[in-house]
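Structure first, commentary second.
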Amino acid sequence: MGSIIFKTIVGIIAGVAVWAVVEPFKPSYGTPQWGIFELILMWGWAIALGASVGFMNGMQRGSRSHALREMGFGVLFAVIGVSVGRGLSAPFAALIQSPLAVIGRTGALALIGMGMGAGIGYCTLVVRRGVQGAVGGLIGGGIAGFVFDLVGSMLQGITLPMQGAVNGAVGEVGAPSRAITAALMCGAIALMIGIVEALSKSAWLRLELGRNEGKEWVIDKPMMTLGRHERADIPLFGDANVAPNHAVIQKQGGSYIVVDQGSPVGIGVNGQRVSQHTLQPNDVLQLGSVNLRFITKNVKAPKRGPEPGRAQAFPIGGQVPMPQPQIQPQMPQPHTPMGQPIFDPTVAVPAQPTFAPAATPTLLALDGPLTGQRFPITMPVELGRESQQVSLAFDSSASRRHTRIDPQGTQVSVSDLGSTNGTFINGQRVTNGIAKSGDIIKVGATSFRIES
């Protein structure tokens, strides 16, 4: 709630500040320059609000990289949204000079606010947030438009004498209304964006142990990366054991699956090391010394039985111990008419068999900043400069979307995605190929070995 109120206050300040800068340069009402004045005023609101809300959203994610990127996108998309909304509002704007002025202004500013809110919400490049912003902007702009004429009527007795327009002379009484509109629309857009986001979030992670305890990240993308990289969706700083690309959380239907990306120390869930795990409400995810609690809205944590492997030491290398054979408890046995048990209680129950997990192909990075990191191939994985799974942002020889690797038993299928410098298996350039354990895959200037 605190962040929502803070966003609202910042929105009000941004809107009023723009009005204070632009208002002194307003032309005479009804002149051709008046339309330009209104457009500059609205663009100013879009730039100020888009920059401030985008920057705050980015800082909430935990890094300056996010803050600067979302601030830039917030400004760009907010200006585009205002321009589109202004075009859509033309039918309503035509009613402003009629007896239906309140309806016309309410509809016009609602559509302009919707465009501005959609642009600001989409600064994270998540469509869902753009829709949330559009709803917030529609409500905020509608409120501002509804009170515009009401404020002007109430204050015209003060503003007209100040302009020297008395005894029926024509004057422009919109300055106070525009000031209040700036505060209401920008503040309401920021408020409603925050409220709609809070009401619509369904799953999120809360940092419970580590730097910036209490910070939360909403899981609002099909795949979100966790790690020490500045551009990770959930950046975790302050612990060298957290790899730059440590893990990903994938949304599959209504489930959320955390997958280790071959990090040196691995990931843990509720104290046990896992390679991947379907998260349940209140699960605690460990990455190095960082603890993150998985929370879902209106869902209670399921009751868990004794966790396998509890109180057992983990061997070096992080292999999860095999479950120990369990002895079935002896139950009271029915008796024959002679009073003798049917089963001999001195006979031991056979131990339950154990099963070794199937081998999973893994990419082992052999050079570059990823040296030594392992990436299990449990599902299709993309490699490239803009990949959210195996990021090669440091490799100028790699394309944005370079190579796709699909698991095929203990082997992998390698598909080049139209890269500039090609994909190689054991030194041979391939478009599509199969790599087995021990083969070397080269993507850009980075080499990986397949291990099974």
Side-chain angles (χ1 to χ4, degrees), residues 54 58 61-73 75-76 123-126 221-237 239-248 250 259-264 287 361-377 379-407 412-435 438-451:
R61 291 178 179 268
S63 76
R64 288 176 297 177
S65 175
H66 285 99
L68 295 175
R69 183 182 65 180
E70 293 180 20
M71 181 176 69
F73 282 143
V75 170
L76 173 63
C123 69
T124 58
L125 302 183
V126 176
K221 296 170 62 176
M223 178 179 294
M224 296 190 68
T225 58
L226 299 85
R228 197 159 32 88
H229 198 284
E230 275 273 338
R231 295 181 62 184
D233 294 306
I234 301 178
L236 303 170
F237 306 120
D239 184 355
N241 289 320
V242 177
N245 185 26
H246 200 113
V248 297
Q250 299 170 336
V259 182
D260 182 25
Q261 294 296 287
S263 57
L287 287 76
T362 301
L363 282 179
L364 173 63
L366 301 180
D367 47 33
L370 299 180
T371 301
Q373 292 195 39
R374 299 174 183 274
F375 304 91
I377 309 299
M379 58 188 65
V381 171
E382 278 195 12
L383 293 79
R385 292 203 320 273
E386 294 185 356
S387 170
Q388 296 292 319
Q389 297 168 295
V390 183
S391 174
L392 301 178
F394 56 87
D395 189 345
S396 60
S397 299
S399 297
R400 289 180 298 174
R401 297 181 66 238
H402 198 114
T403 302
R404 176 187 173 97
I405 297 182
D406 297 88
V412 295
S413 172
V414 182
S415 303
D416 186 77
L417 300 178
S419 64
T420 301
N421 295 318
T423 302
F424 297 80
I425 299 178
N426 296 329
Q428 298 294 318
R429 184 166 183 166
V430 298
T431 302
N432 294 284
I434 299 294
D439 286 348
I440 304 297
I441 301 174
K442 188 172 183 180
V443 179
T446 309
S447 298
F448 300 86
R449 184 172 65 236
I450 297 293
E451 295 186 346

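Note that the numbering runs from 1 along the sequence shown for the chain.
The shortest distance between side-chain heavy atoms of Thr446 and Asp367 falls below 4.5 Å. The shortest distance between side-chain heavy atoms of Phe448 and Leu383 falls below 4.5 Å. Put simply, the side chain of Asp233 reaches to within 4.5 Å of the side chain of Lys221, judged on heavy atoms. Residues Ile234 and Met224 have side chains in contact (heavy-atom distance under 4.5 Å, counting atoms from C-beta outward). Contact check for Asn245 versus His229: no side-chain heavy atoms found under the 4.5 Å cut-off.
Asp439 places no side-chain N or O within 3.5 Å of a backbone atom of Ile450 that could act as its donor or acceptor partner. Counting only distance, with no hydrogens or angles, the side chain of Gln389 and the backbone of Pro380 share a donor-acceptor pair below 3.5 Å. Judged purely by atom type and a 3.5 angstrom limit, Ser387 uses its side chain to pair as donor or acceptor with the backbone of Glu382. Listed for the Arg449 side chain is no donor-acceptor partner under 3.5 Å among the backbone atoms of Leu364. The main-chain N or O of Ala247 is never found under 3.5 Å from a side-chain atom of Asp260 such that the two would form a donor-acceptor pair.
Here the CD-OG1 distance, from Gln261 to Thr362, works out to 11.0 Å after rounding to the nearest 0.5 Å. Between the CG atom in Leu366 and the NZ atom in Lys442 there is a gap of 11.5 Å [rounded to 0.5 Å]. For the atom pair Asn241 CG and Ser263 OG, the distance stands at 9.5 Å (nearest 0.5 Å). Here Leu226 contributes atom CG and Leu287 contributes atom CG; the two are 6.0 Å apart, rounded to the nearest 0.5 Å. Between the CZ atom in Arg401 and the CG atom in Leu417 there is a gap of 5.5 Å [rounded to 0.5 Å]. With rounding to the nearest 0.5 angstrom, the CD1 atom of Ile440 is 11.0 Å from the CD1 atom of Ile425.
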N/O donor to acceptor pairs below 3.5 angstrom from side-chain atoms of residues 427-434, sequence neighbours left out:
unit_1: Asn432; atom_1: OD1; unit_2: Ser415; atom_2: OG; d: 3.1

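Applying the side chain to side chain donor-acceptor pair (under 3.5 Å) criterion to Thr423, with sequence neighbours excluded, gives Thr403, Asp416.
Every pair tested for salt bridge (Lys or Arg N to Asp or Glu O under 4.0 Å) that includes a residue from residues 384-400 fails, sequence neighbours excluded, so the list is empty.
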